[in-house]
Amino acid sequence: MKANYGYADGSGEYFITIDTDVCDGCGECARVCPSSLFEVAPDDYDQVVARVKEKLTRSVGVLCPGYERCRDKVPDCHAVCRVGAISHSW
Amino acid sequence: MITAGVDVGSLSGKAVVLDDNRLVSWGLVPTGPDSAETAKEAMDIALQKGNLSLDRIEFVVSTGYGRVVVPFAQRNVTEISCHAKGANYFFPGARTILDMGGQDCKAIRCDANGKVVNFAMNDKCAAGAGRSMEVMADLLQIPLDEIGPRSLQLDQGEVAVSSTCTVFAKSEVLAHVRQGAPTNDILAGLCAALASRVYGLLRRVGIEPEFVISGGIGKNVGVVTRVEQKVGLEANICFEPQIVGAVGAAIFARDTLVKQKKPAAAR
């Protein structure tokens with residue numbers, strides 16, 4: 001499943017996408033994210049995968065500067081994800 | 001095997017009783033300040049219609065905004081997964097689902113088993129969702145269920161409503177009213193604005209036939225027609241689009257129960 005967490009508003013589209021078909025739930029993204037956006041938990045189909053914390057999905061555009069800008073502060077979520085499950089729309 | 005699904009939405013509470021795969025009964029109530037109470041009210045109506053009592057229900061799954069506070073539910077599942085399952089129940093060929101609810105809209109793509117493949121949800125603000133339609137109906141003083149039909153009977157031509165925010169759109173609509181724009185044309189603009197908003201969400205997940213619309217706005221023919229035009233597919237809408245999520249929850253309840261019983265039988 002491609003899970004898009006985020007929203008679109010007047011200023012743009014802010015979605016963090018997690019591909020749960022490849023995510024192995026290692027939790028590295030949760031460890032390195034400076035804004036602690038991620039958590040690892042069982043989804044509705046009992047698969048343990050990373051997700052954006054439910055309370056934070058409406059503020060990802062504010063809490064996350066976007067992949068391009070976060071990249072300088074390595075390690076970022078894309079870099080630590082061995083399976084490449086995470087992508088950003090901005 | 002009798003199971004139930006309860007969907008506590010932002011504007012209405014839904015409960016569905018399922019006997020194996022047969023839809024026994026359902027209840028629909030407006031959401032009150034107490035979500036637990038709303039869930040109970042909806043459940044009581046469904047039980048009464050089905051001539052059942054709560055102790056006959058073997059497993060209850062809750063979903064929706066208020067899913068964590070339903071006292072009699074054994075499990076809660078996100079509304080995304082429930083809508084996909086529910087749409088699959090009514091239309092087994094469903095691959096793309098658009099749920100337009102009271103305060104948010106969700107675009108979901110699922111597989112042949114009703115399992116979610118891709119989803120996007122816009123719940124940051126209620127602009128262009130059911131609640132904003134209620135606000136506009138109130139403002140223009142016309143019954144909610146007339147918005148759809150009237151928006152399709154244009155007088156002079158559609159009036160553009162550019163604001164996405166309900167509060168700003170409200171002032172925009174008022175300005176149109178003062179300039180003497182016909183109500184039907186304003187309604188057309190509102191329905192068109194909503195349709196283009198949800199179309200953006202649908203494009204994000206990708207559109208594949210068959211297309212299903214669920215949620216309260218599924219009853220608004222003005223929005224549905226315009227979404228169909230943009231998508232280029234006819235929308236499948238069940239007899240009561242508001243209960244799709246609750247039906248999905250009841251199916252999750254049945255599947256969970258089957259899974260729980262299986263290891264016991266194998267022992």
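Fair warning: this is a prediction, and the values are worked out from it, not measured in the lab. Throughout, a chain's letter reflects where its sequence line sits, starting with A, and its residues are numbered from 1.
With salt bridges taken as basic N to acidic carboxylate O contacts below 4.0 Å, none links B/K115 and A/D43. Ion pairing between B/R203 and A/E13 fails under the 4.0 Å rule for side-chain N and carboxylate O.
Atom OG1 of A/T57 is separated from atom CE of B/M121 by 7.0 Å, given to the nearest 0.5 angstrom. Taking CE from A/M1 and CD1 from B/I108, the interatomic distance works out to 10.5 Å, rounded to the nearest 0.5 Å.
A/Y45 places no side-chain N or O within 3.5 Å of a backbone atom of B/S81 that could act as its donor or acceptor partner. Of the possible donor and acceptor atoms, none in the side chain of A/D44 sits under 3.5 Å from a partner among the backbone N and O of B/V77.
Counting heavy-atom pairs under 4.5 Å between each of B/T256, B/D111, B/V117, B/N76 and chain A puts B/V117 at the top.
Residue contact with chain A, scored on non-hydrogen atoms closer than 4.5 Å, is absent for B/I80. Contacts between B/R109 and chain A at a heavy-atom distance below 4.5 Å are absent for every atom of the residue.
The shortest distance between side-chain heavy atoms of B/T78 and A/E54 does not fall below 4.5 Å.
More than 12 heavy atoms of other shown residues, nucleotides or ligands fall within 6.0 angstrom of atom NZ in A/K53.
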